[in-house]
Amino acid sequence: MADTNTNVRVSLPAVCFVWQIAMIILFGVFIRYDEESDAHWVEFKREHNITSDIENDFYFRYPSFQDVHVMIFVGFGFLMTFLKRYSFGGVGFNFLIAAFGLQWALLMQGWFHSLDPATGKIYIGVESLINADFCCAGSLIAYGALLGKVSPVQLMVVTLFGVTLFAVEEYIILTLLHCRDAGGSMVIHAFGGYYGLAISWVLYRPNLHQSKRLNGSVYHSDVFAMIGTLFLWMFWPSFNSAITDHGDGQHRAAINTYLALASSVLTTVAISSMSQKTGKLDMVHIQNATLAGGVAMGTAAEFMITPYGSLIVGFCTGIISTFGYLYITPFLEKYLKLQDTCGVHNLHALPGMLGGFIGAIVAAAATESVYSAEGLINVFDFEGSFANRGVGTQGGFQAAGTCVAIAFGLVGGAIVGLILRIPIWGDPADDNCYDDEVYWEVRVFRECCFPGI
Amino acid sequence: MADTNTNVRVSLPAVCFVWQIAMIILFGVFIRYDEESDAHWVEFKREHNITSDIENDFYFRYPSFQDVHVMIFVGFGFLMTFLKRYSFGGVGFNFLIAAFGLQWALLMQGWFHSLDPATGKIYIGVESLINADFCCAGSLIAYGALLGKVSPVQLMVVTLFGVTLFAVEEYIILTLLHCRDAGGSMVIHAFGGYYGLAISWVLYRPNLHQSKRLNGSVYHSDVFAMIGTLFLWMFWPSFNSAITDHGDGQHRAAINTYLALASSVLTTVAISSMSQKTGKLDMVHIQNATLAGGVAMGTAAEFMITPYGSLIVGFCTGIISTFGYLYITPFLEKYLKLQDTCGVHNLHALPGMLGGFIGAIVAAAATESVYSAEGLINVFDFEGSFANRGVGTQGGFQAAGTCVAIAFGLVGGAIVGLILRIPIWGDPADDNCYDDEVYWEVRVFRECCFPGI
Amino acid sequence: MADTNTNVRVSLPAVCFVWQIAMIILFGVFIRYDEESDAHWVEFKREHNITSDIENDFYFRYPSFQDVHVMIFVGFGFLMTFLKRYSFGGVGFNFLIAAFGLQWALLMQGWFHSLDPATGKIYIGVESLINADFCCAGSLIAYGALLGKVSPVQLMVVTLFGVTLFAVEEYIILTLLHCRDAGGSMVIHAFGGYYGLAISWVLYRPNLHQSKRLNGSVYHSDVFAMIGTLFLWMFWPSFNSAITDHGDGQHRAAINTYLALASSVLTTVAISSMSQKTGKLDMVHIQNATLAGGVAMGTAAEFMITPYGSLIVGFCTGIISTFGYLYITPFLEKYLKLQDTCGVHNLHALPGMLGGFIGAIVAAAATESVYSAEGLINVFDFEGSFANRGVGTQGGFQAAGTCVAIAFGLVGGAIVGLILRIPIWGDPADDNCYDDEVYWEVRVFRECCFPGI
């Protein structure tokens, strides 16, 4: 047994209580309902000549919000149940940190994006909830790289800083650089992926092989993980379209993502089968690389990338992601001392970065004939101080935004990693990683199979 | 083995056939499409100057309906798969009684709430389907207290009376007392919880310890239960907003519930961790108490409780519910002879009652400045014979409504419990409770694990 | 061990790559965004006096689309995880063939239904995505009959031809015969069911009993299958209403399907319980026959079948389907040499055929007083060259359409079956059917249960 102290009986409740109380106080000071969720809506409607309640943003976005919500809690959660003995930790800690993260995200994103200078308040509605869920996704992706090797207290720290960094880089990328990134290839996936990888790199465990017996799946844990995969896969069109423009914006983003994902599945299967002597498929690839098309379409989904363009994106990223699982993850572990439990490098970091650059190229190639004059302004939001920006310039800024996201992930992750090395967080020893018994009451792992029981 | 007769080969098919045929006859006499689901809609639109099909209530409520539907069948169903050997019964009997209950609910609720005196018909639309699902929830909650100890025939009886009692108490609370209870803290959770507890109390089994070996979870059954937990948790904002007012009402109810639930997760984790010597978490708490915030917001979600008010509600109920699992359930079993398999006292009865009183307080504290004059009338429906009711009075009636719900649950449950003690229902013996083999063909429980199999 | 060659290392990647590249080329030539998903939408709105983005078809159909999407991938996928050792193949190959099928379906359905002769392009929107998912369903149903006995390469062939045949029979039934079949009793279920049965009949394996040890479930695989059942059951109202008319059409189809499904559950339980000496329920029946009401309402759901009419349909089909599992499947296997792994005959073929005839009867019985004059025209689309068709004639054509669907299934399936008998597809030997180890890397089936592991 390990001599490390994994007792979190003081630290975990303390962190939960202190942070939740802080949330209540800060919400009391800052957060209010926006005009569409306030009881004054009936007056607002009259003043703005809105004739029907169906014009409330709730009806444009709530179905997509619920799909995103399922992705965050069931999608990410169950995707991380694949380990034979860490399913509680996978789905349970995902639940904890997302529930905290979304509250902190409402504040952080509110301060940066929607603080009303007149009243000093943040006004929230359904779009804020979607953005809060998105913001959590960054930290949940980082958790994928750390799965089984950190304590829940460390995860709360990862999330606190992750959400904070997210809000800052998002402000820089979307507001200052005026990039478009509706599905977050840059701000969510590239940032979250590199953030997790940098933390994991700082927390490198040379003796992790002592837990090797638990770093794998059993038959039914792989089936559980497929629940996560499929809910992510199915609802990704909602993820990429949830906060795009009403009308054609949401419509087109959903179609593009749907197509890219379908294409990823076929190339993932192809490469996975080619990688084995007898053509057998590997569940790790099917569970993860099939999603790469959705990640890579995060920026370009709302653009006029064309249906076949979407298929091409899915085609390439399915191949690249599967290759990542086959060759890059072992390479990173061996030569870069980087232990990446779920392979977030291959599913989020790399496809997210590619998605950022794909978005830059598609933006730079936009023309008035394809978008219509008004359409071009709508899609790229060429209004106000950005009214004269050209598509080429926009493409350059999109590429710059991708680099900003990666830089924030790497530098922020390295700093957070150093904080997590302080020996006060109750993390597990090298020989009991990937084991739920460290942080969970596990009454019976499995009954023995004598007849009659 | 037990000497009790658990053969339901005559009684179960008989009940299913007789009741289903009764449903067909009663539907034939009473149930018709409402004007929004009838082919005459095209005429109705023209007569009422409705310009677009999107004004059909279907588009306001169908996404929420489907979320509620998932909660009823997957949420409640999988939450009850946690027992090591009663997963079929958990999800399967939940399926059966909900499928029956929703039909009977359409009739009972129709007679009390929407019978057209001119034609003697009940006209149904999507809101009726949501209400029918809600009505089932009361009986499914009761099933939580009885899980593993009753026969499917008894559950059909529980549901028949549960739906009937529900429709009556709902009529008294919503129509006569003119309470607001969109998410059903009172009419669903407090009623359903106390109804189940009263039945369980009457059916007390002194020798239930003989089945103690099966009253617990195994590793993967706990993961299955997390599917139920998460779908309940994610879709609870839809539950509480499904039948609130179009526009700001649905919008605000969703936001408030989302926040309360997030807050519950953190305090549940905190208390669960504090309760163990080494700070380990208990899956029972995570599966259940994290949902208490949603239950407690059932009444107040549509009010202007403010975002931080919602966080406070979730904060407190997460603590209370977890304490319930730690201390109240054992206390009830030991001193009150009350066996509550799923702990519905802590998840539904107590948070539901609290939710009712929270609703009363928030209603009593409502002001015109916060709601606007029109908003106040809209939210509390101060129209017709209730046009002159003040918010203080409303608060009083809300509190009274909570008491009515509890009284209906306790008295109704006691009577139904007595009916279920008649020894004709095929319930299991004390030593084969919590065992699927009593009512299900279980071919192979688990293959033995010899290599090569 | 088998002497058959199940190596698919060349054939599977080759098929995936070649077909995916073909999709990209064909999409490049043919597929474009329709006016509601194109950036020109802002101009289109102005030209057509559309005042609000909420009129975009996306908001009418996207929530239903996502429900259908869940049914295709999680519903069908997890329903097929019930085998003890073929869960990877059930959910994984379902994923593969649906992801391919929907791309091919967009092309095939586009060529037949929405090719613009002026431009030679197919314009797609959310309704196209729903139809593509529907089209896949036919092939996934066929997979149910073949589960465990074919290679993934064979499944790709089944899907290629299945989608092609589907598009042709759909064109004949919906366009030439002008039938109504919104939920696809005829075009999806009857066709898909008989297609799978015909293939299975041609591929009859006399020595399949050598794999008998694996042709069954274990406890937790049955619980996994319930995930599939419930998501299919819950979202079937969305399936049958997804492409019906805006407004009352979608509303009514959802209500009718909801009721038929509820009724099916009770009669399935009744017959299942009656079939065992002690009244025990059989998971096979609960997982499958409870869905028969949804299949049988596929045609009639949008008609004015009345709520009690829906209950009657569910009542009868629940009984018939359960009887099918009890008596017809063994009969078919013994006397017709037809091996039907999932019993698609009882869930899809037979209820689909019945649904087609129910639709014919309900159509023939339609009257102006029930539908209103305009309603009748709307529901049956009596416009253009069909303006003078009477309801009796419509009923006749509906019945004829059902026969066309069955004929396409049987003849098409027989031909595809012959193609699949060519010994190049890598299908498993008779003694290793139903075994994931043939096509998947299965690292550890299950850990042994020694204490301390």
Side-chain angles (χ1 to χ4, degrees), chain B residues 6-10 12-13 16-17 19-20 23-24 27-28 31-33 36-43 45 52-54 56 58-59 62-63 66 69-70 73-74 77 81 87-88 91-92 95-96 99-100 102-103 124-126 129 220 224 227 439-447 449 453, chain C residues 54-55 59-60 63 67 84 216-220 222-223 226-227 230-231 233-235 238 246-248 250-252 254-255 258-259 262-263 265-267 269-271 273-274 276-283 286 290 304 307-308 311-312 315 370-372 374-376 378-379 446-449:
Chain B
T6 59
N7 188 331
V8 291
R9 195 184 182 183
V10 172
L12 183 58
C16 288
F17 272 126
W19 293 4
Q20 187 58 54
M23 290 300 110
I24 291 173
F27 269 59
I31 305 269
R32 297 293 178 271
Y33 303 117
E36 298 189 294
S37 55
D38 192 285
H40 286 79
W41 162 251
V42 59
E43 295 180 350
K45 266 199 304 180
S52 168
D53 281 324
I54 198 90
N56 194 302
F58 183 79
Y59 302 103
Y62 190 72
Q66 275 296 1
H69 216 42
V70 172
F73 289 89
V74 162
T81 57
S87 300
F88 290 5
V91 70
F95 191 19
L96 170 63
F100 163 67
L102 59 86
Q103 298 178 56
I124 62 169
V126 65
L129 306 191
H220 279 170
F224 278 119
I227 297 173
Y439 302 113
W440 296 86
E441 282 293 299
V442 181
R443 287 183 195 77
V444 179
F445 182 69
R446 179 182 303 124
E447 284 182 283
C449 34
I453 286 193
Chain C
I54 199 86
E55 297 284 334
Y59 302 103
F60 286 90
D67 293 349
K84 66 180 82 166
S217 61
V218 288
Y219 194 69
H220 279 170
D222 268 327
V223 182
M226 281 303 288
I227 297 173
L230 287 175
F231 276 102
W233 193 91
M234 296 181 301
F235 288 162
S238 300
H246 289 177
D248 64 296
Q250 288 194 277
H251 203 150
R252 187 168 55 251
I255 294 172
Y258 170 92
L259 293 173
S263 184
V265 175
L266 272 86
T267 51
V269 167
I271 302 295
S273 176
M274 283 170 67
Q276 286 285 333
K277 271 185 193 162
T278 55
K280 291 186 184 188
L281 298 172
D282 189 326
M283 260 289 166
I286 306 300
T290 52
M304 293 287 286
Y308 65 91
L311 290 183
I312 293 171
F315 187 93
V370 169
Y371 285 76
S372 83
E374 278 176 278
L376 201 61
N378 283 349
V379 170
R446 178 182 302 125
E447 285 182 282
C448 261
C449 34

As an exercise: rank [options] by heavy-atom pairs under 4.5 Å with chain B and give me the winner.
{"options": "Asp67(C), Thr267(C), Val379(C)", "answer": "Asp67(C)"}
{"options": "Gly375(C), Gly247(C), Gly216(C), Ala254(C)", "answer": "Gly247(C)"}
{"options": "Gly279(C), Pro307(C), Pro63(C)", "answer": "Pro307(C)"}

Just wondering, do [Y] and [X] contact through their side chains at under 4.5 Å, heavy atoms?
{"X": "Leu281(C)", "Y": "Leu96(B)", "value": "no"}
{"X": "Val70(B)", "Y": "Phe235(C)", "value": "yes"}
{"X": "Val74(B)", "Y": "Ile227(C)", "value": "no"}

Contact part of [X] toward chain B, heavy-atom cut-off under 4.5 Å: side chain, backbone, both or neither?
{"X": "Tyr371(C)", "answer": "both"}
{"X": "Leu376(C)", "answer": "neither"}
{"X": "Thr290(C)", "answer": "side chain"}

If you measure from [atom1] on [X] to [atom2] on [Y], what distance do you get to the nearest 0.5 Å?
{"X": "His220(C)", "Y": "Thr81(B)", "atom1": "NE2", "atom2": "OG1", "value": "8.0 Å"}
{"X": "Glu441(B)", "Y": "Thr278(C)", "atom1": "CD", "atom2": "OG1", "value": "7.0 Å"}
{"X": "Asn7(B)", "Y": "Lys277(C)", "atom1": "CG", "atom2": "NZ", "value": "11.5 Å"}

Decide side-chain contact (heavy atoms from CB on, under 4.5 Å) for Tyr308(C) and Ile31(B); before the verdict, give the C-alpha distance in whole Å, the side-chain angles of both, and the deciding distance to 0.1 Å. CA-CA 8 Å; Tyr308(C) 65 91; Ile31(B) 305 269; over 6 Å; no
Which one, [options], leads in non-hydrogen pairs under 4.5 Å with chain C?
{"options": "Met23(B), His69(B), His40(B), Lys45(B)", "result": "His40(B)"}
{"options": "Trp19(B), Phe88(B), Tyr439(B)", "result": "Phe88(B)"}
{"options": "Glu36(B), Gln66(B), Glu43(B)", "result": "Gln66(B)"}
{"options": "Val10(B), Asp38(B), Val8(B), Thr6(B)", "result": "Asp38(B)"}
{"options": "Gly77(B), Ser37(B), Ser87(B)", "result": "Ser37(B)"}

Chain C contact via [X] - side chain, backbone, both or neither, heavy atoms under 4.5 Å:
{"X": "Asp53(B)", "result": "both"}
{"X": "Ile124(B)", "result": "both"}
{"X": "Phe100(B)", "result": "both"}

Shortest non-hydrogen contact from Pro13(B) toward Ser273(C): CD-OG, 3.6 Å
Could you pull out the closest heavy-atom pair between Leu102(B) and Ala262(C), with the gap in Å? CD1-CB, 3.7 Å
Would you sort out whether Val42(B) and Asp248(C) count as a side-chain contact (heavy atoms from CB on, under 4.5 Å), showing the intermediate values? CA-CA 8 Å; Val42(B) 59; Asp248(C) 64 296; 5.8 Å; no
Taking the six-membered ring for Trp, are Phe73(B) and Trp233(C) parallel (under 30°), tilted (30 to 60°) or perpendicular (over 60°)? tilted
Ring geometry between Phe60(C) and Tyr59(B) (parallel below 30°, tilted from 30 to 60°, perpendicular above 60°): perpendicular
So Val269(C) and Phe17(B), side-chain contact (heavy atoms from CB on, under 4.5 Å) or not? Walk me through it. CA-CA 10 Å; Val269(C) 167; Phe17(B) 272 126; over 6 Å; no
Please name the residue in the list Phe58(B), Tyr33(B), Trp41(B) that meets the ring pair (Phe, Tyr, Trp, His ring centres under 6.0 Å) test with His251(C). Phe58(B)
Partners meeting side-chain hydrogen bond (donor to acceptor under 3.5 Å, both in side chains) with Gln20(B) (sequence neighbours left out): Gln103(B), Ser263(C)
